[in-house]
Amino acid sequence: MPIQFKDSTNLSGVRPEMALGIMVAEGVYSRHNVDLIVTSVTDGKHGPHSRHRVGLGADFRTFHIKTEHLQSVVSDLKKSLGPHFDVVHEADHIHIEYDPDE
């Protein structure tokens, strides 16, 4: 399944580490038979210390994923992305960021 991007998603300034993370996420979503829809990378409203601002954060839509499958997608993302990525299931999306120092 191809990666889909919300119309307003800005990829300007995305770092190679995050590009790789998005590609890995696409594989995870494909294994779960759901579309990967990226809603934010370097755009959107984020906190002052957000990794989005430096091209190292991305948000993925979740409302199209059945509730009973969502936690397995999150778990698979954590396993597949490895220890240098944080994966956070927010109220209305999944946030990933490359953060090798934590």
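The basis for the numbers below is simple: all heavy atoms, side chains too, and nothing from hydrogens, waters or symmetry mates.
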Once you round to the nearest 0.5 Å, how far does [atom1] of [X] lie from [atom2] of [Y]?
X     : Y     : atom1 : atom2 : result
Leu77 : Phe85 : CG    : CZ    : 10.5 Å
Glu26 : Arg31 : CD    : CZ    : 9.5 Å
Thr39 : His93 : OG1   : NE2   : 6.5 Å

Run the side chain to side chain contact (heavy atoms under 4.5 Å, CB included) test against [X] and tell me which residues pass, sequence neighbours left out.
X     : result
Thr62 : Leu70, Ile94
His32 : Val28, Val34, Ser72, Val73, Asp76
Ala58 : Met18, Ile22, Val41, Phe60, Ile96
Ser75 : Gln71

Qualifying residues under side chain to side chain donor-acceptor pair (under 3.5 Å), relative to Ser40, sequence neighbours excluded: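 Per chain and number, Ser40 pairs via side chain to side chain donor-acceptor pair (under 3.5 Å) with His46.
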Single-linkage hydrophobic cluster, 4.5 Å side-chain cutoff, Ile37 and Ile3 together: no
Within residues 51-75 or reaching into it, pairs that qualify as salt bridge (Lys or Arg N to Asp or Glu O under 4.0 Å) - sequence neighbours excluded: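 Output for this query is empty, none listed.
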Under the salt bridge (charged side-chain N to carboxylate O under 4.0 Å, His left out) test, residues paired with Arg15 that sit two or more places apart: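 Per chain and number, Arg15 pairs via salt bridge (charged side-chain N to carboxylate O under 4.0 Å, His left out) with Glu17.
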Test ring pair (Phe, Tyr, Trp, His ring centres under 6.0 Å) applied to His95 - qualifying residues, sequence neighbours left out: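 So His95 forms a ring pair (Phe, Tyr, Trp, His ring centres under 6.0 Å) with His52.
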Qualifying side-chain hydrogen bond (donor to acceptor under 3.5 Å, both in side chains) pairs, either residue in residues 2-11, two or more places apart: Gln4-Asp35
Student check: side-chain heavy atoms of Asp99 and Leu56 closer than 4.5 Å: no
